[in-house]
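Quick notes on the structure that follows.
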Amino acid sequence: MRSSLRDFWFTIDTRSLALFRILLALVLLYDLGERWVNIEAFYTVSGVLPVPAFAPLHFSLFDLIKTAGAARLAFICGAACHVALLLGWRTRWVHLGSLIFLVSARSRNPLMSHGGDGVLTALAVWTWFVPLGARWSLDARRAARHGGSPPPERCRPSLAAFAIIFQIGFIYFTTAVAKSGVTWHGEGTAIYYVLHLDQFATPLGLAIGRWPLPVLKFLTWATLGLEYSVLLFFFLPRPQPLLRRIAIVALVTFHLGTAVALVLSTFPFVMIIGYALLLGDDDWRWLARVSSRWGRPARRTAGKAKSAAHIAPGGVQEHIFNGVTAILLTSMIANSYAVTFGRLAGSKPAAVPLWLQAPSIVLDLRQGWRMFAPDPLRHDGWWVVQGVTELGQPFDPLTGRAPVWDKPAGLSTVRSPMWRMYLFVLSLPANRPYWIYFSHWLAGLSRPTPPDHRLSSFELWWVQEDTPPPGEPAPPLQRFRLWSWDGARDVIVRGDI
């Protein structure tokens, strides 16, 4: 019984690790492609943030990069690591290279990070400590050619294997805890408000937002119940694998639904690839039977000797990995307490010593899972840059045309999720030190053009559209001037909020 629980809680099937490695590499390549589009704006000294971010224990190799050419070279190196990870070539080392690239890219400009970035970083950190290249990899083929032993069915029992699954479940639990507002627990209107946020909602999502209110209330409370139950479904030893299978089906359905209803970048798919780590031997046998029915004979692995079930624990490396994992896990839980649980007792994060949070900060392993919490936003809107050229003509440097105050069509796709997050976070008064850099970047966009298109000053406006309570008419739009920039004096003037 003790051995069975040890294997269930502290090991992962190596086929599941291999599948996860392939999916992780594909998502990393997609994430790199999204960032590539905005290299000059986000990763060079001529972009929106020419200096390192103002953050404690900041770490990013991109701080050393000045030009777009050097940034592209760094991205090519990152892509090479991702491809090598996909193939399982020198897996541990290229995984480390992929992780360093991801952390550096995120930390270079933290104002544009979103939830998908955080989950992707967390999964990449925890899985570095387990053998992702034990199967379906060039490493495994090389070991077989040199007479190595057959690949094990499960990885060594380790704290890292526990931490990976715990991290996935912990995301849902902390998200549920953070959703402490009345729209989640009392009114049941949270999904209604979420699907009225035009910056996120797709046309299908907007249509679902018009469903009868009792249906939307059911979806609200079902979402909350699912998030609270995930940890139990993952770690209760019985009845398994039934509980994990139920969780996988429910969560995949949930995230595919959010993917078609909301524009959330990589977040739904990063969560889905994590479920590969939950698949056990019974699941792989079932998949083998399904594969054989489709006419593809499956390799038989169930008949292997018991000694090949998993590699026995031991060795200095395993003890070091377990020690490092324990430190990171403690730091991660402390950071989560500060950001999420501590907020429930007051408006400010709980006071946790910086040294305790330091590992999470350096590795960008912070646990701020607060999407649509404590309540979804009850207002939406869009940004308008009201600029003036050197000849006194109205001009929006983001579009190259005169400022337009009307609501853009297809608001959720007007800007990429990175730009949407950047502009939203940048607009907060707490980030006023970054406003001057954004202003210089805007001015730089028009610098090579003639004076009639060259920016001399601008005002950044937020046009707000409040979501009315269910059944009530929409209130009129409101305009808020966030700040203005005077190019002649190169000064920022704070606006209305």
Side-chain angles (χ1 to χ4, degrees), residues 8-31 82 85-86 91 95 98-99 102-103 106 114-133 135-136 154-155 158-176 223 226-235 240-241 243-259 264-280 283-284 287 325 328-329 332 336 363-369 371:
F8 177 66
W9 283 329
F10 295 99
T11 70
I12 300 175
D13 194 293
T14 51
R15 290 160 292 188
S16 303
L17 291 173
L19 175 60
F20 172 80
R21 185 196 78 243
I22 294 169
L23 297 175
L24 174 65
L26 292 174
V27 173
L28 285 170
L29 285 167
Y30 179 84
D31 177 77
H82 299 344
L85 181 64
L86 176 69
T91 306
H95 189 168
S98 292
L99 178 58
L102 180 61
V103 170
R106 282 196 67 198
H114 52 76
D117 291 340
V119 181
L120 189 58
T121 304
L123 293 180
V125 168
W126 297 119
T127 53
W128 187 80
F129 299 97
V130 293
L132 293 186
R135 282 179 181 255
W136 305 348
R154 305 187 70 82
C155 69
S158 67
L159 184 59
F162 171 86
I164 297 164
I165 307 302
F166 177 78
Q167 172 70 88
I168 299 172
F170 195 60
I171 290 172
Y172 291 106
F173 182 71
T174 53
T175 299
T223 298
L226 176 63
E227 291 174 342
Y228 268 119
S229 63
V230 167
L231 267 178
L232 290 176
F233 277 55
F234 282 3
F235 285 104
Q240 295 290 357
L243 289 180
R244 286 191 172 183
R245 288 175 176 175
I246 292 173
I248 290 172
V249 172
L251 292 171
V252 169
T253 302
F254 170 72
H255 284 296
L256 289 179
T258 60
L264 298 175
S265 187
T266 58
F267 180 79
F269 306 104
V270 175
M271 295 304 303
I272 288 173
I273 69 171
Y275 311 145
L277 299 167
L278 299 171
L279 299 176
D283 302 305
W284 286 107
L287 290 171
T325 302
L328 291 177
L329 194 59
M332 180 268 283
S336 181
L363 288 174
D364 212 3
L365 197 62
R366 286 161 285 193
Q367 305 287 310
W369 312 114
M371 184 175 292

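These figures come from a predicted structure and were not determined experimentally.
To the nearest 0.5 Å, the span separating CG on L232 from CG on L243 amounts to 9.0 Å. Taking CZ from F162 and CH2 from W9, the interatomic distance works out to 8.5 Å, rounded to the nearest 0.5 Å. The structure places CG of L85 at 9.5 Å from CD1 of I22, a figure rounded to the nearest 0.5 Å. Here the straight-line distance linking atom CZ of F233 with atom CG of L278 works out to 13.0 Å at 0.5 Å rounding.
Not one N or O on the side chain of R135 forms a donor-acceptor pair closer than 3.5 Å with the backbone of T14. Remark: the backbone N or O of I12 is not paired with any side-chain donor or acceptor of S16 at under 3.5 angstrom. T175 contributes a side-chain N or O that, together with a main-chain N or O of I171, makes up a donor-acceptor pair within less than 3.5 Å. In this structure, Q167 contributes its side chain and V119 its backbone to no donor-acceptor pair below 3.5 Å.
Between L120 and L24 the shortest heavy-atom distance is CD1-CD1, 3.7 Å. What you find for A163 and T325 is that their closest heavy atoms are CB-CG2, 4.0 Å. Closest approach of L279 to D13, counting heavy atoms only: O-CB, 3.7 Å. Across all non-hydrogen atoms, the minimal contact from A161 to V130 is N-CG1, 4.2 Å. In terms of heavy atoms, S336 sits closest to T174 at OG-CG2, 3.3 Å. Residue L365 comes nearest to W126 through the heavy atom pair CD2-CZ2, 3.8 Å, listed as atom of the first residue, atom of the second, then distance.
Within the 4.5 Å cutoff, the side chain of M271 has heavy atoms near those of the Y172 side chain. Annotation: side chain of W284 is in contact with side chain of L287 (closest heavy-atom distance under 4.5 Å). A 4.5 Å side-chain heavy-atom check between L277 and L19 finds every atom pair outside the cut-off. Between V230 and F170, every side-chain heavy-atom pair lies at or beyond the 4.5 Å cut-off.
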Legend entry - Steps toward side-chain contact (heavy atoms from CB on, under 4.5 Å) verdict (E227, T223): CA-CA 6 Å; E227 291 174 342; T223 298; 3.9 Å; yes
Inset, instruction - Check the pair L264, H114 against side-chain contact (heavy atoms from CB on, under 4.5 Å), reporting the backbone distance first and the verdict last. - result: CA-CA 9 Å; L264 298 175; H114 52 76; over 6 Å; no
Inset, instruction - Evaluate side-chain contact (heavy atoms from CB on, under 4.5 Å) for L86 paired with R21, printing each intermediate quantity in order. - result: CA-CA 6 Å; L86 176 69; R21 185 196 78 243; over 6 Å; no
Legend entry - Residues F8, F235; criterion ring pair (Phe, Tyr, Trp, His ring centres under 6.0 Å); working and verdict: CA-CA 8 Å; F8 177 66; F235 285 104; 7.4 Å; no
Inset, instruction - For I272 and L256, run side-chain contact (heavy atoms from CB on, under 4.5 Å): C-alpha distance rounded to whole Å, both residues' side-chain angles, the deciding distance at 0.1 Å, then the answer. - result: CA-CA 9 Å; I272 288 173; L256 289 179; 3.9 Å; yes
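Aromatic ring centroids of F166 and F234 lie 6.0 Å or more apart.
Under the 30°/60° scheme for interplanar angles, the aromatic rings of F267 and H255 are found to stand perpendicular.
Partner D283 forms a salt bridge (Lys or Arg N to Asp or Glu O under 4.0 Å) with one of R15, R244, R245 and no other, that one being R245.
Remark: Y30 OH is loosely packed, at most 12 non-hydrogen atoms of other residues, nucleotides or ligands lying under 6.0 Å away.
Residues satisfying the side chain to side chain contact (heavy atoms under 4.5 Å, CB included) criterion with V103, sequence neighbours excluded, are F59, L99, S107, T121, D364.
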